[in-house]
Amino acid sequence: MSYKQKIHKEIKKALNGESDLVYLERTKLKEHGDVSTNIAMVLAKKQKRNPLDIANELKEKIKADGSLISHIEVAKPGFVNFVVGDYALSESLVEVINIGDKFGFAPEKSKEETLVEYVSANPTGDLHIGHGRQAVIGSCLVNLLSAAGYDVKSEFYINDFGEQIQNLSDTAWAIHCKLNGENVQWKEDFYPEDLLLPYVKKIVGAYCSKPQQQLTKEILGQEIKDLILKSQEELLSSLKISFDKWHSETDLHTRGEVKNTLKKLKESGITYEHEGAIWLKAQELGDVRDRVLVRSDGRSTYLLADVAYHINKFKRSTKLITLWGADHHGQEVGLKGALKVLKYDENKLEIIFVQMVSLKKEGQEIKMSKRAGTVVTVDEVLNEVGPDAFRYFLVESHPNHRMIFDIDLAKKQDKDNPVYYIQYAHARCCSIFRQITDDIKKEEVLKKCTISPDVFMYLFKANNQEYSATKSLILRILDFPEEVLNSAESRSPSRIANYLKELATDFHQFYTVCRVISKDINLTEARLGLVETVKITIANGLKILGINAPESM
RNA sequence: GGGCCUUUAGCUCAAUUGGAUAGAGCGCCUGGCUUCGAACCAGUAGGUUACGGGUUCAAAUCCUGUAAGGCCCGCCA
């Protein structure tokens, strides 16, 4: 149990109930103690009393015994501020060392099973930086929800069906014919030639070595799709991103799930026919216009397949999270509406929109466009900065915020990226342990730290500056589990990134002020234990972000 | 015209989801290594939280209006 939970319990006891309203928060200023509660102000309204009276009453009832709470103070207009006792902090540190690499992670998957779908790009080209953003945010979210106790599965929906795929096949065949010296008619909506040329060459090359097989347009289309998909998978894998399932849209069609969904929608009376097409009465569901489900030529639309896909997912998981690029937000009402009509709880589907990435080059903002050749690929940037900086750079910002990607800045971010500031703190911790001389054994010290809080009490026998730096660091470390929960609930992994930056700052300050290894054995042991908890916390936080925690750099 | 998202220091972003004096990094300037890693630390400068109104003990945060920007409004996905 954390010191916060213990203090919370004391307040609850003093109040005889009403504890649901008690909220303890860390203070910003030292003059306000370490934690404070606004409960007196909250109750003042209900009880029609002066908040200061309630606060003072609370102060009288709760004993500051020095162990859990060393000081209580009431401040205008009714805050109750607590200074946490050194012993309670020591106890918490023992707990951190004991839990180790599980610190901050929920002990069991006690929360809802959740299926997170993200990236889901067309297999029609290289992943660009916008996909990269969705990929990084999505994978961090999966890690984060899992850390918070959700039973999480991840999935990539392959849009391997429909017009774009047909176009891919047509383009590839045109390139193939061109390579053979044929005069081909190049259509305007074809994919850029230089984008697909390497893939086509590779496939053609493979077929040259087995002349018994004839390369047809159909085969080429299939092969290039598979090849692009494979390259996407490899690229994501180099970013430490993997999926529990790659779900093909084509499968939904061949298994009849799309047809079945259409049948059910028809039966529910939410469709109609118009000019040979089948429409969803989306306006009745709150959409700005009706949507086509089946085209006049009999082919189904993306929307219909997506409804079928989400039904498929609902059969496997009670809660769904889907990440979409912001340009897809128009589909939300139609999809959710159709699901609702078919008696699925649309509130169990949460769509997270990741805002667009635009580019900045030489101070000018430009739109990313395939046609204009201004696409920046994941590959291009990843090769330049490596996976750690890449992931940090993209997870740092909130999904709801548009991101302006400065390509030149990103490429030279190898030293400036804050991820190195965090990793350096971790490496420093490791380095300290490498300095230990023979009279102190690392394993013995750490073992001692798992047994008794007394070891850590030496941390507090220090001058004011050292005491202050030490305590700030400890309080920050102990914030971690709550930070994980808050980040998960608000679906913002960027908060973990920010937390780690602050933790690293506290550690670097501590390191500057407090010498860890000294002639004072007791103090050395206590500080080594503290350094171990820093190392654990940084490593666990970086794990959520999918970033390496190096022993040295 | 309608819908979704956004606006905080020169730039990139925070602010424990309504708390007390809005904080970091980069960049500028100044100082700090004969002792555990200077990829670090300390200090200086930089703000009417886009703007107006409202809600209350308390607003960057909630409501509302205005302005600016991004995205969408296809029988593409």
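Both backbone and side-chain heavy atoms feed into the values below; hydrogens, waters and symmetry mates do not. Naming: A, B, ... by sequence-line order, numbering from 1 per chain.
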Positions of residues 305-312 of chain A (non-hydrogen atom under 4.0 Å from RNA chain B), listed by number: none
Value in whole Å for how far the P atom of U16(B) lies from CG of Asp479(A): 13 Å
Length of the OH-P vector between Tyr499(A) and A24(B), whole Å: 17 Å
Protein-nucleotide distance (Phe510(A), atom CZ; G37(B), atom P), rounded to Å: 14 Å
A59(B) pairs with, by Watson-Crick or G-U criteria that keep both distances under 3.5 Å: none
Set of salt bridge (Lys or Arg N to Asp or Glu O under 4.0 Å) partners for Glu257(A), sequence neighbours left out: Arg255(A)
Donor on one side chain, acceptor on other, Ser494(A) and Ser492(A), under 3.5 Å: no
Any strand: nucleotide that pairs with G18(B) via Watson-Crick or wobble, under 3.5 Å: none
CG/Asn463(A): more than 12 non-hydrogen atoms of other groups inside 6.0 Å: yes
Inter- and intrachain pairs under side-chain hydrogen bond (donor to acceptor under 3.5 Å, both in side chains), touching residues 293-307 of chain A, at least two apart: Glu163(A)-Arg299(A), His253(A)-Ser300(A), Asp297(A)-Arg299(A)
Sugar-phosphate only, base, or nothing, as touched by Glu332(A) at under 4.0 Å among non-hydrogen atoms: nothing
Atom pair distance, as rounded to whole Å: CZ in Arg476(A) and P in G23(B): 13 Å
Nucleotide A24(B), atom P - distance to CD1 of Ile422(A) in whole Å: 16 Å
Stepwise salt bridge (charged side-chain N to carboxylate O under 4.0 Å, His left out) check, Glu57(A) with Arg49(A): CA-CA 12 Å; Glu57(A) 207 176 285; Arg49(A) 292 174 62 199; 2.8 Å; yes
Derivation of the side chain to side chain donor-acceptor pair (under 3.5 Å) call for Ser468(A) and Lys30(A): CA-CA 9 Å; Ser468(A) 165; Lys30(A) 288 214 171 79; 3.3 Å; yes
Chi angles and distances behind the side chain to side chain donor-acceptor pair (under 3.5 Å) call for Ser2(A), Gln5(A): CA-CA 5 Å; Ser2(A) 72; Gln5(A) 290 167 312; 3.3 Å; yes
For C29(B), the Watson-Crick or wobble counterpart (both distances under 3.5 Å): G43(B)
Test salt bridge (Lys or Arg N to Asp or Glu O under 4.0 Å) applied to Arg391(A) - qualifying residues, sequence neighbours left out: none
Over 12 non-hydrogen atoms of neighbours within 6.0 angstrom of OH in Tyr421(A): yes
Step-by-step side chain to side chain donor-acceptor pair (under 3.5 Å) determination, Tyr499(A) to Ser487(A): CA-CA 10 Å; Tyr499(A) 167 81; Ser487(A) 306; over 6 Å; no
G-U wobble or Watson-Crick pairing nucleotide for G65(B) (cut-off 3.5 Å, both distances): C51(B)
Touch class at under 4.0 angstrom, heavy-atom based, for Ala425(A) against every strand present: nothing
Partner set under ring-ring contact (aromatic ring centres under 6.0 Å, His included) for His71(A), not counting sequence neighbours: none
Integer-rounded Å distance: G37(B) P and Arg434(A) CZ: 8 Å
Salt-bridge contact Glu532(A)-Arg527(A) (side-chain N to carboxylate O under 4.0 Å): no
Carboxylate-amine/guanidinium proximity below 4.0 Å for Asp34(A) and Lys471(A): yes
Polar side-chain contact Asn38(A)-A20(B) base: donor and acceptor under 3.5 Å: no
Touch class at under 4.0 angstrom, heavy-atom based, for Cys429(A) against every strand present: nothing
Length of the CG-C1' vector between Leu29(A) and G23(B), whole Å: 11 Å
Protein-nucleotide distance (Lys76(A), atom NZ; C57(B), atom P), rounded to Å: 17 Å
5'-most by nearest nucleotide on RNA chain B - His329(A) or Met356(A): His329(A)
RNA chain B contacts among residues 515-538 of chain A, heavy-atom distance under 4.0 Å: Arg515(A), Val516(A), Ile517(A)
Pair partner, G37(B) [Watson-Crick or wobble, under 3.5 Å]: none
Do any N or O atoms of the protein come closer than 3.5 Å to N or O atoms of nucleotides 5-15 of chain B, and which pairs are they?
from, atom 1, to, atom 2, distance (Å)
C5(B), O2', Gln355(A), NE2, 3.2
C5(B), O2', Asn400(A), O, 2.8
U6(B), OP1, Asn400(A), ND2, 3.2
U6(B), O3', His401(A), NE2, 3.4
U7(B), OP1, His401(A), NE2, 3.0
A14(B), OP1, His398(A), N, 3.4

Complementary nucleotide for C13(B) - Watson-Crick or wobble, under 3.5 Å: G23(B)
Qualifying residues under ring-ring contact (aromatic ring centres under 6.0 Å, His included), relative to His329(A), sequence neighbours excluded: none
Contact list for residues 486-499 of chain A, test salt bridge (Lys or Arg N to Asp or Glu O under 4.0 Å), sequence neighbours left out: Lys111(A)-Glu489(A), Glu350(A)-Arg491(A), Glu483(A)-Arg495(A)
Polar atom pairs (N or O), protein with nucleotides 73-77 of chain B, under 3.5 Å:
from, atom 1, to, atom 2, distance (Å)
C75(B), OP2, Arg289(A), NH1, 3.4
C75(B), O3', Arg295(A), NE, 3.1
C75(B), O2, Ser296(A), N, 3.0
C75(B), O2, Ser296(A), OG, 3.1
C75(B), N3, Ser296(A), OG, 3.0
C75(B), N4, Glu275(A), O, 3.1
C76(B), OP2, Glu163(A), OE1, 3.1
C76(B), OP2, Arg295(A), NE, 2.5
C76(B), OP2, Arg295(A), NH2, 2.9
C76(B), O3', Arg295(A), NH2, 3.3
C76(B), O2', Gln164(A), NE2, 2.9
C76(B), O2, Gln164(A), NE2, 3.3
A77(B), OP1, Arg295(A), NH2, 2.9
A77(B), OP2, Tyr302(A), N, 3.2

Lys281(A)/Asp290(A) ion pair, N-O < 4.0 Å: no
Over 12 foreign heavy atoms within 6.0 Å of NZ, Lys340(A): no
Residues that Tyr424(A) engages under ring-ring contact (aromatic ring centres under 6.0 Å, His included), provided they are two or more places apart: His508(A)
Nucleotide forming a Watson-Crick or wobble pair with G1(B), both distances under 3.5 Å: C73(B)
B/S/- contact track for nucleotides 38-49 of chain B, protein heavy atom under 4.0 Å: SBSSS-------
